[in-house]
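Predicted model, so just to flag it, every value in this text is computed and none were measured. Proteins get letters first, then strands, A, B, ... in listed order; numbering begins at 1 in each.
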Protein chains: 2
Amino acid sequence: MEIIKKIASVPLFEDLSKKQLADIAAIAVGQKYKRGQLVFSEGDEGSGFYVLISGGVKIFKLSPEGKEQILHIMGPGEPFGEAAVFAGEHFPASARTLSESKVLFFPRRSFVDLITNNPALSLNMLAFLSRRLRVLANLVESLSLKEVPGRLAAYLLYYSKHKNDPAILELGISKTQLAALLGTIPETLSRILSRMGKEKLIKAGLRHIQILDRQGLLELSEGSRRLT
Amino acid sequence: MEIIKKIASVPLFEDLSKKQLADIAAIAVGQKYKRGQLVFSEGDEGSGFYVLISGGVKIFKLSPEGKEQILHIMGPGEPFGEAAVFAGEHFPASARTLSESKVLFFPRRSFVDLITNNPALSLNMLAFLSRRLRVLANLVESLSLKEVPGRLAAYLLYYSKHKNDPAILELGISKTQLAALLGTIPETLSRILSRMGKEKLIKAGLRHIQILDRQGLLELSEGSRRLT
DNA sequence: CGTGGCCTTGATAAAGTTCAAGAGCCGTGG
DNA sequence: CCACGGCTCTTGAACTTTATCAAGGCCACG
């Protein structure tokens, strides 16, 4: 059963005993999605939740006019769709794969039983939900209190936290997707990237961005500086 | 100990036995705040979380220029500041009372112990966090995908869900606060209320709003109609 | 009865979206 | 191997929404 090995490496299932991991493995169902496939839609009945094993998934909302706002981008090891398990029962947003992806699906009923008898698992889940809450609170802050250059600067700084200048960031997503994550449109993002380039804050490539002036970005993200 | 009675009526502590309620009561600390007092600030070390017993509390973020975005408005019985207990350890936003308020404070350490041995409590907490996640996802959607009239319409519809037309809503907050909740400023809100009044969608009073045309508001919130 | 807070209204300005067109890149298939 | 079609990205110009700045009105509370 190599499924146990996969499960053991998922942060959500950290600190669990062999026996507990086996219990979890017993209720997990493996699934595979092609790039661009819809995993679930906002409003769907949430009969369980997912853990991403490989690939990438975006969680997003769509406006009637077709504009997309990305809430999260999930990488391997991350759970998604959990909120529907513990409250409300239907998904508050939609999920689509960004590349070919493997996921594990956990049916609601069995998982709730499992968590009930498993304090470590429930604390892990609480930690994940709390972290997600924080991410969304920051997104709200970005959207409401920052202009697009500030949002982009904050994003770049966040994703380069552990690198030194000149840091080269592999975006891993298209600029269209990045725009949707920042709450804007590709045209606006493109213009701002070019302005940031002119001011020697960054150097933008096709799918990567080089940070030249961290301090400048910080000032932008905090509103104490503006792009000319 | 009337503290037990208070605790028993808190939804978070539903379905718990007498003994469990007593355990919870044992670690709770009562606190009292005057109107407008800060309960905690973004970034503060979260040594525990709160349950609001009476009064009102807003959870908010502040921009460097002083603009405020309200994330939640808490009423009696609701917990707040929980995210810091389970992840991150510092508060992701600030909290201020809207009126004189009584709260119970639960120290982190003892509460984690308690939840570990108490599956029902942990499921309740998961449900609360999940619901909060949903609220924030909707706020993001509002801010990013709707214009101010649409946000206001959605807000009004949500808060009148269980009433029939013509529903009279007691806002319970000032229009300045409502603006901060909708991600705009009082001037803009004022103009939009007046436009909605002209179109006979609502009738706005000082601290209450009467809904005249639910269908019209729905269309506004879904983007299929615009204010002239 | 005066003062401060909240709300309203108007004029102006800024940021971002929309619409439109064109350039670069890539995979497919002739 | 090259050409085509589709996709993403970029750039420009006009337009829309919202914020900002300024002033005046209303009400409550001391």
Side-chain angles (χ1 to χ4, degrees), chain A residues 34-36 58 63-70 98-100 142-153 171-198 202-209 220-221 223 225-228, chain B residues 35-36 58 62-70 96 98-99 142-153 171-198 202-209 220-221 223 225-228:
Chain A
K34 289 208 255 302
R35 172 192 161 101
K58 66 177 172 186
S63 80
E65 299 83 39
K67 190 184 167 190
E68 173 182 304
Q69 172 67 51
I70 298 180
L98 294 167
S99 52
E100 181 167 286
S142 251
L143 290 171
S144 174
L145 305 178
K146 291 186 168 102
E147 303 182 341
V148 181
R151 290 178 217 163
L152 174 58
L171 292 180
I173 53 175
S174 75
K175 289 184 184 161
T176 301
Q177 295 298 294
L178 178 55
L181 185 58
L182 297 177
T184 186
I185 56 175
E187 289 97 319
T188 299
L189 176 60
S190 177
R191 287 182 238 271
I192 287 168
L193 282 171
S194 124
R195 284 200 277 161
M196 282 188 175
K198 282 202 192 80
I202 61 168
K203 197 153 178 298
L206 211 57
R207 277 214 153 211
H208 59 91
I209 289 178
L220 257 184
S221 88
R225 166 174 179 167
R226 23 200 330 110
L227 244 34
T228 53
Chain B
R35 172 193 162 100
K58 67 177 171 186
L62 227 46
S63 81
E65 299 83 39
K67 190 183 167 192
E68 172 181 305
Q69 172 67 51
I70 297 180
R96 187 182 293 280
L98 294 168
S99 51
S142 252
L143 290 171
S144 175
L145 304 177
K146 292 185 166 103
E147 303 181 339
V148 181
R151 290 178 218 163
L152 175 57
L171 293 180
I173 52 175
S174 75
K175 289 184 181 160
T176 300
Q177 294 300 294
L178 178 56
L181 185 59
L182 297 177
T184 186
I185 56 175
E187 291 95 318
T188 299
L189 176 61
S190 177
R191 287 182 238 270
I192 287 168
L193 283 170
S194 124
R195 284 201 278 160
M196 282 187 174
K198 282 202 191 79
I202 61 168
K203 197 153 180 298
L206 209 57
R207 278 214 152 212
H208 59 91
I209 289 178
L220 256 185
S221 87
R225 166 173 180 168
R226 23 202 326 113
L227 244 33
T228 53

Between [options], which nucleotide has the shortest distance from any of its atoms to the side chain of [X]?
X         : options                   : answer
Lys67(B)  : dA19(D), dG16(C), dT18(C) : dA19(D)
Ser190(A) : dT8(C), dA13(D), dT10(D)  : dT10(D)
Thr188(A) : dA13(D), dC21(D), dG16(C) : dG16(C)
Arg226(A) : dT8(C), dT10(D), dA15(C)  : dA15(C)

Starting from [atom2] on [N], measure out to [atom1] on [X] and report it in whole angstrom.
X         : N       : atom1 : atom2 : result
Ile192(A) : dG16(C) : CD1   : C1'   : 8 Å
Ile185(A) : dT18(C) : CD1   : C1'   : 7 Å
Leu193(B) : dC7(C)  : CG    : C1'   : 10 Å
Arg207(A) : dC7(D)  : CZ    : C1'   : 12 Å

If we ignore hydrogens and angles and just use 3.5 Å, is the side chain of [X] paired with the main-chain N or O of [Y] as donor and acceptor?
X         : Y         : value
Thr184(B) : Thr188(B) : no
Gln69(B)  : Leu181(B) : yes
Arg151(A) : Lys146(A) : yes

Phosphate contact ([N] OP1 or OP2) by [X] side-chain N/O below 4.0 Å:
X         : N       : value
Ser194(A) : dT10(D) : no
Thr176(B) : dC6(C)  : no
Lys175(B) : dT8(C)  : yes

On the side chain of Arg195(B), is there an atom forming a donor-acceptor pair with the base of dT17(D) - under 3.5 Å, no angle test?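 Answer no: no donor N or O sits under 3.5 Å from an acceptor.
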Pick base, sugar-phosphate or nothing for Lys146(A), based on heavy-atom distances below 4.0 Å to the nucleic acid. nothing
Assign Gly205(B) to base, sugar-phosphate, or nothing according to its heavy-atom contacts below 4.0 angstrom with the strands shown.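 Nothing: the residue Gly205(B), judged by heavy atoms under 4.0 Å, touches no strand.
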Just so I know, are the side chains of Leu98(B) and Arg35(B) near enough to count as touching, which here means a heavy-atom distance under 4.5 Å? no
Is there a side-chain contact between Arg195(B) and Thr228(B) (heavy atoms, below 4.5 Å)? no
